[in-house]
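Report on the structure given below.
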Amino acid sequence: MNPIISVHQVTKTFGKLHAVDDVNFTVGEGEIFAFLGPNGAGKSTTIKMLTTLLLPSAGSMHLAGIDVVKEQAAARKIFGIVFQDPSLDGDLTAFENMELHGVLYGMERKKRGARIEELVKLVELWDRKDTLVKTFSGGMKRRLEIARGLLHHPKILFLDEPTLGLDAQTRNLLWAYIRRLNEQEGMTIFFTTHYLAEAESIADRIAIIDHGKLVAMGTADALRQKTGTDNLESAYLELTGSQVRDETLSSADSKREMIRRVIVNR
Amino acid sequence: METIYILWLRQMKKYRRSGLRMVLSVIQPLVYFLALGFGFNAIFQQAGRGSYIQFIVPGVIAQTILFTSIFWGANIIFDKQFGFLKETLVAPVSRTKVMLGGALGGATIGVIQGLVLFIIALIFGFHLYSWPALLLTVLLMSMLSFAMVSFSSGIGAVVNDMPSFMAVTNFLVVPLFFLSGSMFPLDNIPGVMKAIASINPLSYAVDAMRATLINQSHFGLPVDFAVMTGTLVVLVVFSIYRFRRTEA
Ligand SMILES: Nc1ncnc2c1ncn2[C@@H]1O[C@H](COP(=O)(O)OP(=O)(O)OP(=O)(O)O)[C@@H](O)[C@H]1O
Ligand SMILES: [Mg+2]
(Lines give C-alpha, C1' and ligand atoms only; values in the text may rest on other atoms or scores of the structure.)
(Ligands and ions follow the chains in the order given, each with its own letter.)
Protein backbone atom coordinates (compact mmCIF):
# COMPACT_ATOMS: atom_id res chain seq x y z
CA MET A 1 0.00 0.00 0.00
CA ASN A 2 1.14 3.53 -0.77
CA PRO A 3 1.48 5.70 2.30
CA ILE A 4 -1.11 8.45 2.17
CA ILE A 5 -0.02 9.85 5.51
CA SER A 6 3.64 9.93 6.35
CA VAL A 7 5.09 11.42 9.49
CA HIS A 8 8.84 11.68 9.71
CA GLN A 9 10.73 12.55 12.91
CA VAL A 10 8.05 14.97 14.02
CA THR A 11 8.44 16.85 17.27
CA LYS A 12 6.25 19.53 18.80
CA THR A 13 7.37 21.42 21.85
CA PHE A 14 5.38 23.86 23.94
CA GLY A 15 8.06 25.63 25.94
CA LYS A 16 9.90 22.82 27.69
CA LEU A 17 7.18 20.22 27.15
CA HIS A 18 7.71 17.75 24.34
CA ALA A 19 4.07 17.17 23.46
CA VAL A 20 5.09 15.06 20.47
CA ASP A 21 8.58 13.66 20.51
CA ASP A 22 10.31 12.34 17.41
CA VAL A 23 7.34 10.43 16.03
CA ASN A 24 7.53 8.36 12.83
CA PHE A 25 4.77 6.43 11.13
CA THR A 26 2.96 5.96 7.86
CA VAL A 27 -0.63 5.13 7.07
CA GLY A 28 -1.55 3.32 3.86
CA GLU A 29 -4.18 4.50 1.47
CA GLY A 30 -7.57 3.09 2.43
CA GLU A 31 -6.39 2.03 5.85
CA ILE A 32 -8.32 2.50 9.07
CA PHE A 33 -5.75 3.65 11.56
CA ALA A 34 -6.33 4.09 15.28
CA PHE A 35 -4.15 6.43 17.28
CA LEU A 36 -4.40 5.58 20.95
CA GLY A 37 -2.85 6.93 24.10
CA PRO A 38 -3.62 8.29 27.56
CA ASN A 39 -4.79 11.84 28.20
CA GLY A 40 -2.15 14.35 27.23
CA ALA A 41 -0.15 11.79 25.23
CA GLY A 42 0.00 14.02 22.16
CA LYS A 43 -2.78 12.60 19.97
CA SER A 44 -4.61 15.84 19.32
CA THR A 45 -1.35 17.70 18.87
CA THR A 46 -0.35 15.21 16.18
CA ILE A 47 -3.70 15.60 14.43
CA LYS A 48 -3.47 19.39 14.63
CA MET A 49 -0.07 19.31 12.99
CA LEU A 50 -1.30 16.95 10.28
CA THR A 51 -4.23 19.24 9.60
CA THR A 52 -2.16 22.47 9.40
CA LEU A 53 -3.48 23.96 12.62
CA LEU A 54 -0.10 23.75 14.31
CA LEU A 55 3.35 23.88 12.85
CA PRO A 56 5.72 21.12 13.91
CA SER A 57 8.84 22.18 15.79
CA ALA A 58 10.84 19.67 13.77
CA GLY A 59 10.32 16.93 11.22
CA SER A 60 8.18 16.61 8.14
CA MET A 61 4.70 15.37 7.28
CA HIS A 62 3.09 14.51 3.99
CA LEU A 63 -0.50 13.84 3.00
CA ALA A 64 -0.78 12.10 -0.37
CA GLY A 65 2.73 13.27 -1.12
CA ILE A 66 1.96 16.89 -0.30
CA ASP A 67 4.10 18.63 2.28
CA VAL A 68 1.76 19.73 5.04
CA VAL A 69 3.98 22.60 6.15
CA LYS A 70 5.10 23.95 2.80
CA GLU A 71 1.93 23.37 0.78
CA GLN A 72 -0.75 24.07 3.32
CA ALA A 73 -3.40 25.14 0.84
CA ALA A 74 -3.06 21.96 -1.22
CA ALA A 75 -2.92 19.77 1.87
CA ARG A 76 -6.13 21.25 3.23
CA LYS A 77 -8.12 20.00 0.26
CA ILE A 78 -7.24 16.41 1.00
CA PHE A 79 -8.67 15.82 4.42
CA GLY A 80 -11.81 16.24 6.43
CA ILE A 81 -11.62 16.57 10.17
CA VAL A 82 -13.80 16.16 13.20
CA PHE A 83 -12.06 17.97 16.05
CA GLN A 84 -12.04 16.75 19.60
CA ASP A 85 -13.65 20.00 20.71
CA PRO A 86 -16.81 21.42 19.18
CA SER A 87 -16.38 23.56 16.09
CA LEU A 88 -19.88 24.37 14.88
CA ASP A 89 -21.42 27.82 14.82
CA GLY A 90 -24.27 27.61 17.30
CA ASP A 91 -25.95 30.72 15.92
CA LEU A 92 -26.39 29.10 12.53
CA THR A 93 -28.75 26.28 11.65
CA ALA A 94 -27.53 22.78 10.88
CA PHE A 95 -28.07 23.38 7.19
CA GLU A 96 -26.26 26.71 7.25
CA ASN A 97 -23.27 25.13 8.97
CA MET A 98 -23.12 22.50 6.26
CA GLU A 99 -23.59 25.00 3.46
CA LEU A 100 -20.84 27.24 4.76
CA HIS A 101 -18.50 24.28 4.82
CA GLY A 102 -19.43 23.36 1.26
CA VAL A 103 -18.65 26.87 0.06
CA LEU A 104 -15.35 26.99 1.95
CA TYR A 105 -14.35 23.80 0.16
CA GLY A 106 -15.36 25.21 -3.21
CA MET A 107 -18.19 22.76 -3.84
CA GLU A 108 -20.49 23.60 -6.68
CA ARG A 109 -23.98 24.62 -5.56
CA LYS A 110 -25.96 21.71 -7.04
CA LYS A 111 -23.64 18.97 -5.83
CA ARG A 112 -23.43 20.68 -2.49
CA GLY A 113 -27.17 20.65 -1.93
CA ALA A 114 -27.53 16.99 -2.82
CA ARG A 115 -24.58 15.90 -0.71
CA ILE A 116 -25.76 17.93 2.28
CA GLU A 117 -29.15 16.29 2.09
CA GLU A 118 -27.64 12.82 1.80
CA LEU A 119 -25.33 13.30 4.78
CA VAL A 120 -27.70 15.13 7.07
CA LYS A 121 -30.28 12.42 6.44
CA LEU A 122 -27.68 9.82 7.15
CA VAL A 123 -26.95 11.26 10.58
CA GLU A 124 -30.70 11.52 11.08
CA LEU A 125 -30.88 15.26 11.49
CA TRP A 126 -32.76 16.19 8.33
CA ASP A 127 -35.95 17.07 10.18
CA ARG A 128 -33.89 19.41 12.36
CA LYS A 129 -31.88 21.00 9.59
CA ASP A 130 -33.36 24.45 10.12
CA THR A 131 -32.85 24.49 13.86
CA LEU A 132 -30.09 26.59 15.42
CA VAL A 133 -27.24 24.32 16.37
CA LYS A 134 -26.92 25.79 19.85
CA THR A 135 -30.17 24.06 20.75
CA PHE A 136 -28.80 20.63 19.74
CA SER A 137 -27.77 17.98 22.26
CA GLY A 138 -24.12 16.99 22.44
CA GLY A 139 -24.70 13.87 20.39
CA MET A 140 -26.62 15.73 17.71
CA LYS A 141 -23.81 18.24 17.37
CA ARG A 142 -21.30 15.45 17.08
CA ARG A 143 -23.29 13.74 14.34
CA LEU A 144 -23.54 16.99 12.45
CA GLU A 145 -19.80 17.56 12.72
CA ILE A 146 -19.14 14.14 11.31
CA ALA A 147 -21.52 14.78 8.44
CA ARG A 148 -19.75 18.06 7.82
CA GLY A 149 -16.32 16.46 7.82
CA LEU A 150 -17.47 14.15 5.04
CA LEU A 151 -19.17 16.77 2.91
CA HIS A 152 -16.37 17.50 0.48
CA HIS A 153 -15.44 13.85 -0.16
CA PRO A 154 -12.09 13.99 1.61
CA LYS A 155 -9.46 11.37 0.83
CA ILE A 156 -8.49 11.21 4.48
CA LEU A 157 -10.82 11.65 7.39
CA PHE A 158 -9.31 12.62 10.76
CA LEU A 159 -11.56 11.88 13.69
CA ASP A 160 -10.38 13.08 17.10
CA GLU A 161 -12.49 11.14 19.60
CA PRO A 162 -15.52 11.16 17.34
CA THR A 163 -17.64 9.02 19.60
CA LEU A 164 -17.01 10.99 22.77
CA GLY A 165 -20.33 11.53 24.50
CA LEU A 166 -22.36 9.44 22.08
CA ASP A 167 -24.71 6.68 23.14
CA ALA A 168 -24.02 3.09 22.11
CA GLN A 169 -26.63 3.11 19.34
CA THR A 170 -25.21 6.17 17.70
CA ARG A 171 -21.65 4.90 18.07
CA ASN A 172 -22.51 1.68 16.29
CA LEU A 173 -24.36 3.48 13.54
CA LEU A 174 -21.48 5.82 13.06
CA TRP A 175 -18.79 3.19 12.85
CA ALA A 176 -20.89 1.15 10.47
CA TYR A 177 -21.15 4.17 8.24
CA ILE A 178 -17.47 5.03 8.49
CA ARG A 179 -16.56 1.50 7.60
CA ARG A 180 -18.82 1.64 4.60
CA LEU A 181 -17.22 4.88 3.40
CA ASN A 182 -13.87 3.28 3.84
CA GLU A 183 -14.89 0.28 1.76
CA GLN A 184 -16.86 2.09 -0.92
CA GLU A 185 -14.85 5.26 -1.40
CA GLY A 186 -11.51 3.97 -0.19
CA MET A 187 -11.40 6.79 2.31
CA THR A 188 -8.49 6.57 4.73
CA ILE A 189 -9.58 6.91 8.34
CA PHE A 190 -7.29 8.20 11.08
CA PHE A 191 -9.00 8.27 14.44
CA THR A 192 -8.37 8.52 18.15
CA THR A 193 -10.56 7.08 20.86
CA HIS A 194 -10.47 6.07 24.49
CA TYR A 195 -12.87 3.19 23.80
CA LEU A 196 -10.37 0.46 23.10
CA ALA A 197 -13.03 -1.94 21.87
CA GLU A 198 -13.76 0.46 19.02
CA ALA A 199 -10.16 0.45 17.95
CA GLU A 200 -9.98 -3.31 18.27
CA SER A 201 -12.99 -3.97 16.08
CA ILE A 202 -12.58 -1.21 13.50
CA ALA A 203 -8.92 -0.46 12.98
CA ASP A 204 -6.64 -2.22 10.54
CA ARG A 205 -3.68 -0.99 12.52
CA ILE A 206 -3.16 0.71 15.84
CA ALA A 207 -0.47 3.05 17.08
CA ILE A 208 -0.02 3.82 20.74
CA ILE A 209 1.54 7.07 21.87
CA ASP A 210 2.53 7.98 25.40
CA HIS A 211 4.30 11.10 26.67
CA GLY A 212 4.70 12.20 23.07
CA LYS A 213 6.55 9.06 22.02
CA LEU A 214 5.23 6.26 19.88
CA VAL A 215 5.42 3.16 22.05
CA ALA A 216 3.87 0.53 19.79
CA MET A 217 2.34 0.05 16.39
CA GLY A 218 0.71 -2.87 14.62
CA THR A 219 -2.50 -4.83 14.27
CA ALA A 220 -4.55 -5.52 17.37
CA ASP A 221 -3.38 -9.13 17.16
CA ALA A 222 0.24 -8.14 16.99
CA LEU A 223 -0.08 -5.86 20.00
CA ARG A 224 -1.75 -8.61 22.01
CA GLN A 225 0.94 -11.09 21.07
CA LYS A 226 3.82 -8.73 21.77
CA THR A 227 2.52 -8.02 25.23
CA GLY A 228 1.35 -11.57 25.91
CA THR A 229 -2.17 -10.39 26.68
CA ASP A 230 -5.51 -11.57 25.36
CA ASN A 231 -7.27 -8.32 24.64
CA LEU A 232 -6.34 -4.87 23.45
CA GLU A 233 -7.21 -3.20 26.71
CA SER A 234 -4.72 -5.29 28.63
CA ALA A 235 -2.12 -4.80 25.93
CA TYR A 236 -2.72 -1.06 26.09
CA LEU A 237 -2.39 -0.94 29.86
CA GLU A 238 0.69 -3.09 29.70
CA LEU A 239 2.24 -0.60 27.29
CA THR A 240 1.17 2.65 28.86
CA GLY A 241 0.96 1.75 32.54
CA SER A 242 -2.12 1.69 34.68
CA GLN A 243 -1.22 4.89 36.43
CA VAL A 244 -2.84 8.18 35.78
CA ARG A 245 -0.57 10.50 33.79
CA ASP A 246 2.27 12.61 35.06
CA GLU A 247 3.79 10.15 37.50
CA THR A 248 7.51 9.64 37.85
CA LEU A 249 8.97 6.40 36.61
CA SER A 250 8.29 3.51 38.97
CA SER A 251 9.97 0.14 38.67
CA ALA A 252 6.92 -1.17 36.85
CA ASP A 253 7.34 1.68 34.45
CA SER A 254 10.92 0.82 33.74
CA LYS A 255 9.87 -2.71 32.90
CA ARG A 256 7.37 -1.28 30.47
CA GLU A 257 10.06 0.96 29.07
CA MET A 258 11.93 -2.24 28.10
CA ILE A 259 8.90 -3.81 26.43
CA ARG A 260 8.39 -0.61 24.51
CA ARG A 261 11.87 -0.59 23.13
CA VAL A 262 11.54 -4.15 22.04
CA ILE A 263 8.28 -3.49 20.27
CA VAL A 264 9.19 -0.24 18.63
CA ASN A 265 12.41 -1.65 17.34
CA ARG A 266 10.85 -4.83 16.14
CA MET B 1 -15.61 35.65 -3.89
CA GLU B 2 -18.21 33.17 -2.77
CA THR B 3 -16.06 32.50 0.28
CA ILE B 4 -16.01 36.14 1.30
CA TYR B 5 -19.72 36.36 0.62
CA ILE B 6 -20.67 33.36 2.73
CA LEU B 7 -18.56 34.57 5.64
CA TRP B 8 -20.13 38.00 5.34
CA LEU B 9 -23.58 36.39 5.18
CA ARG B 10 -22.80 34.40 8.31
CA GLN B 11 -22.20 37.63 10.23
CA MET B 12 -25.38 39.17 8.86
CA LYS B 13 -27.41 36.18 9.99
CA LYS B 14 -25.85 36.22 13.41
CA TYR B 15 -26.51 39.94 13.68
CA ARG B 16 -30.14 39.57 12.68
CA ARG B 17 -30.56 36.82 15.23
CA SER B 18 -28.87 38.74 18.00
CA GLY B 19 -32.07 40.63 18.82
CA LEU B 20 -31.38 42.80 21.81
CA ARG B 21 -27.76 43.46 20.86
CA MET B 22 -28.94 45.31 17.76
CA VAL B 23 -31.05 47.67 19.82
CA LEU B 24 -28.68 48.12 22.74
CA SER B 25 -25.70 49.17 20.69
CA VAL B 26 -27.40 52.36 19.46
CA ILE B 27 -28.66 53.34 22.89
CA GLN B 28 -25.37 54.62 24.28
CA PRO B 29 -24.64 56.99 21.40
CA LEU B 30 -28.26 58.02 21.42
CA VAL B 31 -27.94 59.07 25.04
CA TYR B 32 -24.82 61.08 24.19
CA PHE B 33 -26.64 62.71 21.32
CA LEU B 34 -29.73 63.65 23.28
CA ALA B 35 -28.09 64.62 26.56
CA LEU B 36 -25.13 66.53 25.14
CA GLY B 37 -26.86 67.80 22.04
CA PHE B 38 -29.73 69.38 23.88
CA GLY B 39 -27.75 70.03 27.06
CA PHE B 40 -25.02 72.13 25.47
CA ASN B 41 -26.99 73.56 22.60
CA ALA B 42 -27.78 76.85 24.29
CA ILE B 43 -24.21 77.52 25.49
CA PHE B 44 -22.79 76.58 22.11
CA GLN B 45 -25.12 78.99 20.38
CA GLN B 46 -24.35 81.79 22.88
CA ALA B 47 -20.67 81.34 22.01
CA GLY B 48 -21.63 82.09 18.44
CA ARG B 49 -20.84 78.58 17.08
CA GLY B 50 -24.26 77.74 15.75
CA SER B 51 -26.29 74.68 16.69
CA TYR B 52 -24.56 72.09 18.85
CA ILE B 53 -27.09 69.51 17.74
CA GLN B 54 -25.91 69.99 14.20
CA PHE B 55 -22.30 69.92 15.31
CA ILE B 56 -22.51 66.77 17.39
CA VAL B 57 -24.35 64.49 14.94
CA PRO B 58 -21.27 63.55 12.87
CA GLY B 59 -19.39 62.95 16.13
CA VAL B 60 -22.09 60.69 17.46
CA ILE B 61 -22.29 58.74 14.21
CA ALA B 62 -18.53 58.26 14.38
CA GLN B 63 -18.91 57.18 17.99
CA THR B 64 -21.55 54.59 17.16
CA ILE B 65 -19.32 53.15 14.48
CA LEU B 66 -16.24 53.25 16.69
CA PHE B 67 -17.95 51.48 19.58
CA THR B 68 -19.60 48.85 17.40
CA SER B 69 -16.48 48.20 15.37
CA ILE B 70 -13.66 48.29 17.87
CA PHE B 71 -15.23 45.50 19.91
CA TRP B 72 -15.80 43.43 16.79
CA GLY B 73 -12.75 41.31 17.53
CA ALA B 74 -14.68 39.85 20.47
CA ASN B 75 -16.41 37.72 17.82
CA ILE B 76 -13.05 36.26 16.88
CA ILE B 77 -12.42 35.38 20.52
CA PHE B 78 -15.85 33.72 20.66
CA ASP B 79 -15.05 31.84 17.46
CA LYS B 80 -11.86 30.64 19.11
CA GLN B 81 -13.59 29.66 22.32
CA PHE B 82 -16.57 27.99 20.69
CA GLY B 83 -14.19 26.37 18.24
CA PHE B 84 -15.66 27.60 14.99
CA LEU B 85 -12.44 29.36 14.06
CA LYS B 86 -10.75 25.98 13.53
CA GLU B 87 -13.30 25.16 10.86
CA THR B 88 -12.24 28.20 8.84
CA LEU B 89 -8.55 27.79 9.57
CA VAL B 90 -8.31 24.24 8.16
CA ALA B 91 -10.42 25.02 5.11
CA PRO B 92 -8.63 25.39 1.78
CA VAL B 93 -9.26 29.12 1.60
CA SER B 94 -6.82 31.91 2.21
CA ARG B 95 -6.73 33.49 5.63
CA THR B 96 -6.99 36.82 3.86
CA LYS B 97 -10.45 35.88 2.62
CA VAL B 98 -11.45 34.60 6.05
CA MET B 99 -10.41 37.89 7.58
CA LEU B 100 -12.03 40.00 4.86
CA GLY B 101 -15.34 38.12 4.94
CA GLY B 102 -15.74 38.56 8.67
CA ALA B 103 -14.51 42.15 8.67
CA LEU B 104 -16.85 43.15 5.85
CA GLY B 105 -19.67 41.72 7.94
CA GLY B 106 -18.58 43.79 10.90
CA ALA B 107 -18.18 46.89 8.75
CA THR B 108 -21.68 46.46 7.32
CA ILE B 109 -23.10 46.27 10.80
CA GLY B 110 -21.16 49.39 11.80
CA VAL B 111 -22.59 51.31 8.86
CA ILE B 112 -26.12 50.11 9.61
CA GLN B 113 -25.80 51.31 13.20
CA GLY B 114 -24.42 54.63 12.00
CA LEU B 115 -27.33 55.08 9.62
CA VAL B 116 -29.84 54.22 12.33
CA LEU B 117 -28.35 56.98 14.41
CA PHE B 118 -28.45 59.34 11.47
CA ILE B 119 -32.16 58.67 10.99
CA ILE B 120 -32.87 59.21 14.66
CA ALA B 121 -30.98 62.50 14.44
CA LEU B 122 -33.14 63.55 11.50
CA ILE B 123 -36.22 62.81 13.56
CA PHE B 124 -34.87 65.02 16.32
CA GLY B 125 -34.42 67.90 13.92
CA PHE B 126 -30.97 67.40 12.42
CA HIS B 127 -30.66 69.33 9.19
CA LEU B 128 -28.58 67.72 6.46
CA TYR B 129 -26.75 70.25 4.37
CA SER B 130 -26.84 68.31 1.12
CA TRP B 131 -28.56 65.03 0.32
CA PRO B 132 -26.15 63.97 -2.43
CA ALA B 133 -23.33 64.31 0.09
CA LEU B 134 -25.02 61.59 2.11
CA LEU B 135 -23.60 59.07 -0.33
CA LEU B 136 -20.15 60.34 0.42
CA THR B 137 -20.93 60.11 4.12
CA VAL B 138 -21.87 56.47 3.74
CA LEU B 139 -18.55 55.87 2.03
CA LEU B 140 -16.73 57.55 4.90
CA MET B 141 -18.73 55.52 7.42
CA SER B 142 -17.78 52.33 5.59
CA MET B 143 -14.11 53.27 5.57
CA LEU B 144 -14.08 54.10 9.25
CA SER B 145 -16.00 50.99 10.17
CA PHE B 146 -13.89 48.69 8.05
CA ALA B 147 -10.68 50.18 9.44
CA MET B 148 -11.80 49.77 13.06
CA VAL B 149 -13.21 46.28 12.51
CA SER B 150 -9.96 45.20 10.89
CA PHE B 151 -7.91 46.62 13.72
CA SER B 152 -10.10 44.85 16.24
CA SER B 153 -10.00 41.57 14.32
CA GLY B 154 -6.23 41.78 14.31
CA ILE B 155 -6.21 42.15 18.08
CA GLY B 156 -8.77 39.34 18.36
CA ALA B 157 -6.47 37.11 16.34
CA VAL B 158 -3.52 37.78 18.67
CA VAL B 159 -5.25 37.66 22.05
CA ASN B 160 -6.81 34.44 23.28
CA ASP B 161 -9.11 35.43 26.08
CA MET B 162 -11.89 37.92 26.53
CA PRO B 163 -10.52 39.79 29.57
CA SER B 164 -7.27 40.67 27.77
CA PHE B 165 -9.16 41.63 24.67
CA MET B 166 -11.47 43.93 26.62
CA ALA B 167 -8.53 45.42 28.52
CA VAL B 168 -6.74 46.32 25.29
CA THR B 169 -9.77 47.74 23.51
CA ASN B 170 -11.12 49.64 26.51
CA PHE B 171 -7.70 51.14 26.98
CA LEU B 172 -7.83 52.44 23.40
CA VAL B 173 -11.43 53.39 22.90
CA VAL B 174 -11.74 56.17 25.47
CA PRO B 175 -8.80 58.32 24.34
CA LEU B 176 -9.63 57.61 20.69
CA PHE B 177 -13.11 58.88 21.22
CA PHE B 178 -12.60 61.82 23.57
CA LEU B 179 -9.49 63.14 21.87
CA SER B 180 -10.98 63.19 18.41
CA GLY B 181 -13.03 66.34 18.23
CA SER B 182 -16.23 64.29 18.14
CA MET B 183 -17.72 66.36 20.89
CA PHE B 184 -16.00 69.74 20.52
CA PRO B 185 -14.38 71.89 17.84
CA LEU B 186 -10.63 71.48 17.50
CA ASP B 187 -9.74 75.11 16.83
CA ASN B 188 -9.86 76.56 20.34
CA ILE B 189 -8.37 73.84 22.48
CA PRO B 190 -4.97 73.74 24.24
CA GLY B 191 -2.00 72.93 22.05
CA VAL B 192 -1.26 69.52 23.59
CA MET B 193 -4.79 68.33 23.09
CA LYS B 194 -4.75 69.64 19.57
CA ALA B 195 -1.53 67.80 18.87
CA ILE B 196 -3.00 64.56 20.21
CA ALA B 197 -6.21 65.03 18.26
CA SER B 198 -4.27 65.59 15.08
CA ILE B 199 -2.49 62.24 15.36
CA ASN B 200 -5.76 60.47 16.17
CA PRO B 201 -7.14 58.93 12.98
CA LEU B 202 -10.68 59.19 14.34
CA SER B 203 -10.39 63.00 14.29
CA TYR B 204 -10.11 62.87 10.54
CA ALA B 205 -13.09 60.56 10.18
CA VAL B 206 -15.23 62.85 12.34
CA ASP B 207 -13.95 65.88 10.48
CA ALA B 208 -14.69 64.31 7.12
CA MET B 209 -18.23 63.46 8.14
CA ARG B 210 -18.69 66.95 9.45
CA ALA B 211 -17.64 68.21 6.06
CA THR B 212 -20.13 66.05 4.20
CA LEU B 213 -23.00 66.34 6.68
CA ILE B 214 -22.88 69.97 7.83
CA ASN B 215 -20.24 71.49 5.55
CA GLN B 216 -17.74 72.35 8.30
CA SER B 217 -14.21 71.14 8.38
CA HIS B 218 -11.06 71.65 10.39
CA PHE B 219 -8.47 69.81 8.32
CA GLY B 220 -10.25 69.95 4.96
CA LEU B 221 -11.91 67.00 3.27
CA PRO B 222 -8.97 65.99 1.02
CA VAL B 223 -6.64 65.71 4.02
CA ASP B 224 -9.28 63.78 5.96
CA PHE B 225 -9.78 61.43 3.09
CA ALA B 226 -6.09 60.82 2.61
CA VAL B 227 -5.53 60.06 6.30
CA MET B 228 -8.55 57.76 6.42
CA THR B 229 -7.39 55.85 3.37
CA GLY B 230 -3.90 55.47 4.80
CA THR B 231 -5.24 54.27 8.14
CA LEU B 232 -7.58 51.82 6.47
CA VAL B 233 -4.82 50.27 4.41
CA VAL B 234 -2.45 49.95 7.36
CA LEU B 235 -5.08 48.37 9.61
CA VAL B 236 -6.35 45.92 6.99
CA VAL B 237 -2.80 44.81 6.28
CA PHE B 238 -2.10 44.48 10.01
CA SER B 239 -5.17 42.31 10.45
CA ILE B 240 -4.44 40.07 7.47
CA TYR B 241 -0.91 39.63 8.73
CA ARG B 242 -2.12 38.61 12.20
CA PHE B 243 -4.69 36.23 10.73
CA ARG B 244 -2.12 34.45 8.64
CA ARG B 245 -0.15 33.69 11.76
CA THR B 246 -3.04 32.39 13.81
CA GLU B 247 -2.72 28.86 15.09
CA ALA B 248 -5.47 27.06 16.94
N1 LIG C 1 -1.36 25.05 22.91
C2 LIG C 1 -0.72 24.37 23.87
N3 LIG C 1 0.13 24.99 24.69
C4 LIG C 1 0.80 24.32 25.64
N5 LIG C 1 0.69 23.00 25.85
C6 LIG C 1 -0.14 22.31 25.06
C7 LIG C 1 -0.89 22.95 24.03
N8 LIG C 1 -1.63 22.01 23.39
C9 LIG C 1 -1.35 20.84 24.00
N10 LIG C 1 -0.46 21.01 25.00
C11 LIG C 1 0.10 19.95 25.86
O12 LIG C 1 0.58 18.95 25.02
C13 LIG C 1 0.34 17.67 25.59
C14 LIG C 1 -0.40 16.81 24.59
O15 LIG C 1 -1.71 17.30 24.44
P16 LIG C 1 -2.77 16.63 23.46
O17 LIG C 1 -3.97 17.52 23.43
O18 LIG C 1 -2.12 16.34 22.17
O19 LIG C 1 -3.12 15.29 24.20
P20 LIG C 1 -4.13 14.13 23.77
O21 LIG C 1 -3.34 12.92 23.55
O22 LIG C 1 -5.00 14.59 22.68
O23 LIG C 1 -4.98 13.95 25.11
P24 LIG C 1 -6.55 13.70 25.35
O25 LIG C 1 -6.77 12.24 25.28
O26 LIG C 1 -6.76 14.19 26.74
O27 LIG C 1 -7.29 14.47 24.33
C28 LIG C 1 -0.41 17.91 26.88
O29 LIG C 1 0.51 17.86 27.94
C30 LIG C 1 -0.96 19.30 26.72
O31 LIG C 1 -1.06 19.94 27.96
MG1 LIG D 1 -6.94 14.98 22.45
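For the numbers below, each heavy atom of this structure counts, side chains included, while hydrogens, waters and symmetry mates do not. Just so we're clear, the structure is a prediction, and the values are computed from it rather than from any experiment. Below, read A as the first sequence line, B as the second, and so on, with proteins coming before strands; counting in each chain starts at 1.
Between A:Arg112 and B:Glu2 there is a salt bridge, with a side-chain nitrogen of the basic residue lying less than 4.0 Å from a carboxylate oxygen of the acidic one. A:Asp91 and B:Lys14 are joined by a salt bridge, as a carboxylate oxygen and a charged side-chain nitrogen come within less than 4.0 angstrom of each other. Ion pairing between A:Glu96 and B:Arg10 fails under the 4.0 Å rule for side-chain N and carboxylate O.
Taking 4.5 Å as the limit, some side-chain heavy atom of B:Pro92 sits within range of a side-chain heavy atom of A:Tyr105.
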**OP:** Apply side chain to side chain contact (heavy atoms under 4.5 Å, CB included) to the pair A:Ile81 and B:Glu87, showing each step before the final yes or no.
**Re:** CA-CA 9 Å; A:Ile81 177 165; B:Glu87 158 77 357; over 6 Å; no
Subject >> Evaluation steps, side chain to side chain contact (heavy atoms under 4.5 Å, CB included), between A:Phe83 and B:Val90 >> reply: CA-CA 11 Å; A:Phe83 299 100; B:Val90 295; 3.9 Å; yes
Original post:
Can you check side chain to side chain contact (heavy atoms under 4.5 Å, CB included) on A:Arg76 and B:Val93, steps first, answer last?
Top reply: CA-CA 9 Å; A:Arg76 286 179 181 142; B:Val93 291; over 6 Å; no
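Surrounding CZ of B:Phe82 are at most 12 heavy atoms belonging to other residues, nucleotides or ligands under 6.0 Å away. More than 12 non-hydrogen atoms from other residues, nucleotides or ligands lie less than 6.0 angstrom from NZ of B:Lys80. The number of heavy-atom neighbours closer than 6.0 Å to CZ of A:Arg109, taken from other residues, nucleotides and ligands shown, is 12 or below. Within a 6.0 Å radius of CZ in A:Phe14, more than 12 heavy atoms belonging to other residues, nucleotides or ligands are found. Within 6.0 Å of atom CZ in A:Phe25, more than 12 heavy atoms from other residues, nucleotides or ligands are found, so the atom counts as buried in its surroundings.
Heavy-atom pairs under 4.5 Å with chain B peak, among A:Leu132, A:Thr51, A:Leu100, at A:Leu100. With respect to chain B, the highest number of heavy-atom pairs below 4.5 Å among A:Glu145, A:Gln72, A:Arg148 belongs to A:Arg148.
With a 4.5 Å cut-off on non-hydrogen atoms, B:Arg16 does not touch chain A at all.
Closest heavy-atom contact between B:Gly83 and A:Ser87: O-CB, 3.3 Å. Heavy-atom minimum distance, A:Pro86 versus B:Lys86: O-NZ, 3.8 Å.
Interatomic distance, CG of B:Leu9 versus CD of A:Glu99, reported as 8.5 Å (0.5 Å rounding). To the nearest 0.5 Å, atom NE2 of residue A:His101 and atom OG1 of residue B:Thr88 are 11.5 Å apart. Here the straight-line distance linking atom CG of A:Asn97 with atom CZ of B:Phe84 works out to 6.5 Å at 0.5 Å rounding.
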